[in-house]
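Each remark here refers to the structure printed beneath this line.
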Amino acid sequence: MLSFFRRIINSKAGIVVTFIVLGVIALAFAAGDITGLAGNGTSLSGNSVATVGGEKITATELRGRVQTELQAASQEAARQQQPAPTMQQLLDQGGLQATLDRTINGLALEAFGRGQHMVVSKRSVDGVIASIPGLRGPNGQFDPANYQRLLADQKLTDAQVRTDIARDIIAQQLMLPTQGATQVPMKVALPYASLMLEKRSGQVAFVPAKAVDTGPAPTDAEQQAFYRRNIQRYTVPERRVVRYAVVTPDQVKARAVPTDAEIAAAYNQQRSRFAAAEKRDISQVVVADQGGANTLAAKVKAGKPIADAARAAGLEPAVQTGLTKTAYAAASSAGIADAAFAAPSGGVIGPVRGPLGWVVARVEKIEQVPGKTLEQAKPELVAELSKRKLQQALADVHDSLDTSLGKNATFDEAVADQKLSAQTTAPLLANGTNPDAPAARPDPAVAPIVAAAFQMAEGDPAQLVPVGQDGGFAVVAIGRVVHAAPRPLDQVKAQVVADVTADRARTAARKLATDILAKVNKGMPLAQAMAASGRALPPVQTAGASRAQLAAAQGNVQPPLALLFSMAKGNAKLLEAPNNAGWLIVKLDTIVPGNAAGTPAAVAGARGSIARLVGREYAEQFARAVRNAVGVKTDAAALARVRADLAGNTGGN
């Protein structure tokens with residue numbers, strides 16, 4: 001679920017080289033029906049979070065970039081059918097600082113590049129914009145109208161997007177050469193490769209929290225003290241009451257019924273499409289030289305299947321089905337089409353000179369397609385016209401609402417004007433859940449609406465938000481903002497009692513585990529120390545792995561195994577078990593050194609890994625030098641305010 005920003009945050013290269021281009025990402029996600037990514041962040045203050053050279057990074061800009069990254073992670077989670085990550089999870093992973101670092105690096109590298117007279121051409125920027133898939137029209141080409149519409153929807157300007165793209169191009173041109181400048185000698189790689197083959201084994205014991213006594217029920221005074229110390233645990237993040245009205249294709253379906261006159265006009269405009277036609281299936285081979293084509297044609301005319309004759313000559317036949325003469329002429333040439341459509345079924349044509357060589361073809365099938373009268377073509381035309389008129393009807397409603405909202409119409413006025421049905425949600429969190437109804441699952445249909453509402457500032461005018469994949473959209477407004485606040489102790493008393501009891505259990509289990517650990521480190525066998533505790537504890541387990549296995553797990557390593565590789569032989573250490581379940585005691589028994597001298601593949605792999613790390617280190621050092629040269633200042637207090645606002649804690653603890 002968190003892999004999207006973990007891959008960036010936990011990577012030095014990610015912090016240095018991955019530049020978040022806010023405009024491009026906002027447009028790309030908007031084109032994929034991810035809405036409200038830019039331009040709607042709540043303004044914290046006019047103060048800057050950082051200054052890079054003479055340019056400031058404002059709190060609003062940083063907040064918008066972090067929210068954009070969260071939206072990207074949410075989209076990835078949705079594709080993988082996983083729960084959407086939360087803002088708190090991103091912040092806990094270091095996402096705020098990483099986003100600030102990337103933004104600073106981008107600005108610093110741009111300033112440095114401009115100082116070295118680097119220039120990004122308009123054509124390069126145009127190419128990046130045109131490559132965004134969501135900006136393509138029905139013909140697969142870049143559609144300027146889509147681009148302008150998305151700019152307006154996301155409250156971005158063309159200049160903002162182009163500035164970000166140019167900055168990204170300069171940064172990449174500066175950084176990528178440093179990553180590739182890596183050479184690692186064999187003597188450096190050999191010890192590292194041998195280290196990866198090292199194996200370690202030991203023992204793991206578990207002291208569960210439920211195995212100890214928790215004492216009497218907590219008193220009121222203990223509950224109140226625990227509640228005050230852990231007030232954030234019982235704080236409900238900011239919620240929003242969202243008002244919205246949905247416009248779906250079904251609602252405008254009545255406007256999309258084509259008239260008889262429209263059907264007749266469409267038929268008349270496409271008479272050639274419905275006229276009688278002859279269609280043919282044709283197999284053909286293109287031969288580079290005329291001599292080879294003559295030989296191949298002779299074999300086919302003698303009765304050899306054209307596919308066999310072609311493959312014997314090292315060629316592959318192309319089979320085209322349902323071709324009209326016009327279509328075949330467009331794909332080959334008029335002369336080849338004339339010959340092919342003059343031949344009978346089974347007839348062999350050629351060799352005939354074509355655009356790419358000499359063509360030998362065989363007519364496989366001839367089909368006479370009768371023409372269609374208006375009445376016969378009517379179902380097909382009705383379906384096409386209905387679809388086109390439905391899209392236009394949706395666009396008309398969208399444009400009408402957009403115009404009304406642009407003239408400062410209220411949500412109620414705009415909805416009433418279009419006779420839409422307004423709905424109001426309960427106070428919801430940003431992920432669409434209602435903390436007052438924890439058993440209720442969030443409605444996926446409302447998810448983009450809630451997401452857009454959380455990108456808006458209180459008092460912002462209503463917005464139009466795409467929903468679904470059928471062209472539908474919604475008018476969205478904030479009904480009310482419920483600021484983050486702790487629930488009263490009376491409401492969470494049962495939870496507080498359970499938390500106090502669990503906290504006591506963890507503390508008691510830790511003391512028991514610490515006593516066992518002390519005995520083990522004085523020489524007592526782990527199993528004996530566990531038995532001497534006087535508690536019914538799980539049996540001791542063995543554990544072992546090689547460093548290569550840990551590396552192959554790509555971060556998904558069980559904590560006890562990871563701890564084995566940071567210990568001295570014969571020592572034992574304490575480790576908290578997952579989910580506050582208790583404590584683990586890990587003891588390292590054996591270390592078997594590795595030797596990669598006779599394993600060339602391992603050494604080669606080590607050289608590649610070290611080369612990548614060296615490239616990242618070069619990139620990091622270069623970026624740091626650029627930052628020092630340009631001059632960077634950060635405001636820790638302003639950054640803390642951004643974090644608190646993103647976490648929904650601006651109301652205090």
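Quick caveat, the model's predicted, so the values are computed rather than measured.
Here the closest heavy-atom approach between residue I170 and residue G113 is recorded as CG2-CA, 4.0 Å. The two residues L420 and V475 come nearest to each other via the heavy atoms CD1-CG2, 4.3 Å. Between V287 and G292, the shortest heavy-atom contact is CG1-C, 3.8 Å. D281 approaches G322 most closely through the heavy-atom pair OD1-N, 2.8 Å. V415 and A245 get closest at one heavy-atom pair: CG2-CB, 3.9 Å. Across every non-hydrogen atom of S333 and R353, the tightest pair is OG-O, 4.4 Å.
Judged purely by atom type and a 3.5 angstrom limit, Q455 has no side-chain atom pairing as donor or acceptor with the backbone of A452. Between the side chain of S400 and the backbone N or O of D396 there is no donor-acceptor pair closer than 3.5 Å. Using modelled atom types, no side-chain atom of Q270 and backbone atom of Y267 make a donor-acceptor pair closer than 3.5 Å. Side chain of Q391 to main chain of R388: no donor-acceptor pair is present (N/O by atom type, distance under 3.5 Å, no hydrogens or angles). A donor-acceptor distance shorter than 3.5 angstrom exists from the side chain of R280 to the backbone of A340, with no hydrogens or angles considered. At distances below 3.5 Å, at least one donor-acceptor pair connects side-chain atoms of E413 with backbone N or O atoms of T410.
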> Can S386 and V257 be said to form a side chain to side chain contact (heavy atoms under 4.5 Å, CB included), step by step?
Replying inline: CA-CA 6 Å; S386 296; V257 179; 5.9 Å; no
> Given the rule in the salt bridge (charged side-chain N to carboxylate O under 4.0 Å, His left out) test, do R63 and E61 qualify, once you have shown the distances and angles that lead to the verdict?
Replying inline: CA-CA 5 Å; R63 184 180 190 272; E61 178 186 0; over 6 Å; no
>> Test side chain to side chain contact (heavy atoms under 4.5 Å, CB included) on T103 and R65; report intermediate values, then the result.
In response: CA-CA 9 Å; T103 306; R65 289 180 183 270; 3.4 Å; yes
> Between Y244 and T424, does a side chain to side chain contact (heavy atoms under 4.5 Å, CB included) hold up when you go through it step by step?
Replying inline: CA-CA 7 Å; Y244 67 97; T424 303; over 6 Å; no
> When you look at R102 and D168, which way does the salt bridge (charged side-chain N to carboxylate O under 4.0 Å, His left out) test go after all the steps?
Replying inline: CA-CA 11 Å; R102 287 194 297 276; D168 189 54; over 6 Å; no
> Is there a side chain to side chain contact (heavy atoms under 4.5 Å, CB included) between V66 and M87 once you walk through the steps?
Replying inline: CA-CA 9 Å; V66 174; M87 178 60 74; 3.8 Å; yes
>> Pair D412, R243 - check salt bridge (charged side-chain N to carboxylate O under 4.0 Å, His left out), show working.
In response: CA-CA 10 Å; D412 290 320; R243 303 187 68 201; 2.7 Å; yes
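Proximity of N294 to P351: side-chain heavy atoms (C-beta onward) are separated by under 4.5 Å at one or more points. Put simply, the side chain of R255 does not reach to within 4.5 Å of the side chain of Q392, judged on heavy atoms. Residues E380 and R273 are in side-chain contact: their nearest non-hydrogen atoms beyond the backbone lie under 4.5 Å apart. No side-chain heavy atom of D338 sits less than 4.5 Å from a side-chain heavy atom of Y328. At a threshold of 4.5 Å between non-hydrogen side-chain atoms, the residues L296 and W358 do not count as touching. Two residues are said to be in side-chain contact when any heavy atoms from C-beta on lie closer than 4.5 Å; E367 and E278 fail this criterion. Side-chain contact between D126 and R162: present, with at least one pair of heavy atoms (C-beta onward) separated by less than 4.5 Å. Between F341 and V363 there is no side-chain heavy-atom pair separated by less than 4.5 Å.
Residues passing the salt bridge (Lys or Arg N to Asp or Glu O under 4.0 Å) test with D250, sequence neighbours excluded: none. Every side-chain contact (heavy atoms from CB on, under 4.5 Å) that A307 has, sequence neighbours left out, goes to R311, P317.
Remark: I449 CD1 to T425 OG1 distance equals 9.5 Å, nearest 0.5 Å. Here the CD1 atom belonging to I478 is positioned 6.5 Å from the CG atom belonging to D460, to the nearest 0.5 angstrom. Between the CD1 atom in I282 and the OG atom in S332 there is a gap of 7.5 Å [rounded to 0.5 Å]. In this structure, CG on L374 lies 8.5 Å from CZ on R271, to the nearest 0.5 angstrom. One distance of note links CG of D443 with CG of L428; it measures 10.0 Å at 0.5 Å rounding. For the atom pair OG (S283) and CD1 (I306), the distance works out to 6.0 Å, reported to the nearest 0.5 Å.
Evaluated for a side-chain contact (heavy atoms from CB on, under 4.5 Å) with I169, the options D164, L174, V120 yield exactly one hit, V120.
Within 6.0 Å of the NZ atom in K299, the count of heavy atoms belonging to other residues, nucleotides or ligands does not exceed 12. Heavy atoms from other residues, nucleotides or ligands lying under 6.0 Å from CD of Q368 number more than 12. Counting heavy-atom neighbours within 6.0 Å of K304 NZ, excluding the residue itself, gives a total above 12.
T163 and Q160 are not linked by any side-chain donor-acceptor pair at a separation below 3.5 angstrom, with hydrogens and angles left out of the test.
Using a cutoff of 4.0 Å between basic side-chain nitrogens and carboxylate oxygens, K407 and D402 are not scored as salt-bridged.
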